[in-house]
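Here the structure is laid out as structure tokens; the discussion comes afterwards.
Atom set for the values below is all heavy atoms of this structure, side chains included, hydrogens, waters and symmetry mates excluded. Both counts, for ligands and for their atoms, begin at 1 and track the order of listing. One is the number of the first residue; the rest follow in order along the sequence.
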Amino acid sequence: MLRIAVMVSGGGTNLQAIIDGVKDGTITNTEIAAVISNNADAYALTRAKENGITAMCISPKSYESRDAFNDALLEEVNKLNVDLIVLAGFLVRIPEAMVHQYSHRIINIHPSLIPSFCGVGYYGLRVHEAALKKGVKVTGATVHYVDEGMDTGEIIFQKAVEVKDGDTPQTLQRRVMEEAEWKLLPAAINMIANKQEYK
Ligand code: GAR
């Protein structure tokens, strides 16, 4: 059984896709040990609690320095004894010590086709704003392993999504979530849990 921790910052629709996937059998051999948010107000924490999953907030605001926060985060994650850390809309940079300790055991969902529209400053709606500004006709989502860089780790899955005339950042974000993110992230977890290729 793959024990996972899901790290979130906001609404948690990707977390919901994971919870639903575990329930409906899209994701097998997997147990969600805890949900960790850096933001106490994240609706994702409510989703976790409603589903009987341990929910915790570890906020940088509660610590004197970034180093102290990073140490606390790693300590809490270590206590959970998980096999995989899933970043599902977690908008805080993962401490280097954690990246090293959990090498190839942290995955992230990003709402573009990496290497487009990724790296520092590209997160959430901003990614879709940038895609629309550039005028791309196709965008999508990427699940990748997390390394020391920002959105630079080994790619696991990608899925393309069409940009339509009249799209706003919000409508594009929604389509990328529905057609790509909510499928790719559960599929990646299931693949890792069962060590099989994506079908
Ligand atoms: C998702 O679109 C996710 O891909 C993105 O934040 C959103 C979180 O939504 N992540 C990033 O931009 C990471 N760079 P959610 O809280 O509803 O899952």
Within the 4.5 Å heavy-atom criterion, are [X] and [Y] side-chain neighbours or not?
X: V143; Y: N108; result: no
X: L87; Y: I85; result: yes
X: I106; Y: L84; result: no
X: V138; Y: E162; result: no
X: R174; Y: E178; result: yes

Let me have the donor-acceptor pairs involving side chains of residues 5-13, under 3.5 Å, with sequence neighbours excluded, atom names and distances please.
unit_1: S9; atom_1: OG; unit_2: N38; atom_2: OD1; d: 2.7
unit_1: S9; atom_1: OG; unit_2: G89; atom_2: O; d: 3.4
unit_1: S9; atom_1: OG; unit_2: L91; atom_2: N; d: 2.8
unit_1: T13; atom_1: OG1; unit_2: W182; atom_2: NE1; d: 3.1

Subject >> Contacting atoms of ligand 1, where contact means under 4.0 angstrom from a heavy atom of Y123 >> reply: 12 (O), 14 (N)
Subject >> Sub-4.0 Å atoms of ligand 1 with respect to non-hydrogen atoms of G11 >> reply: 16 (O)
**OP:** Output yes when a side-chain donor or acceptor of D71 lies under 3.5 Å from a complementary backbone atom of A68, and no otherwise.
**Re:** no
Among protein heavy atoms, which lies nearest [atom], and at what distance?
atom: atom 9 (O) of ligand 1; result: M177 CE, 3.4 Å
atom: atom 11 (C) of ligand 1; result: P111 CD, 3.7 Å
atom: atom 12 (O) of ligand 1; result: G124 N, 2.8 Å
atom: atom 1 (C) of ligand 1; result: E181 OE1, 3.1 Å
atom: atom 14 (N) of ligand 1; result: H110 ND1, 3.2 Å
atom: atom 17 (O) of ligand 1; result: T13 OG1, 2.6 Å

Original post:
In terms of heavy-atom contacts, does OH of Y123 have more than 12 from other residues, nucleotides or ligands at under 6.0 Å?
Top reply: no
**OP:** Give the contacting part of Y122 toward ligand 1: side chain, backbone, both or neither, where contact means a heavy-atom distance below 4.0 Å.
**Re:** backbone
Original post:
Which option out of I109, V127, L184 puts a heavy atom nearest to atom 10 (N) of ligand 1?
Top reply: I109
**OP:** Return the option from G12, G89, G10 holding the heavy atom at the smallest distance from atom 16 (O) of ligand 1.
**Re:** G12
Subject >> N14, any N or O under 3.5 Å of ligand 1 N or O >> reply: yes
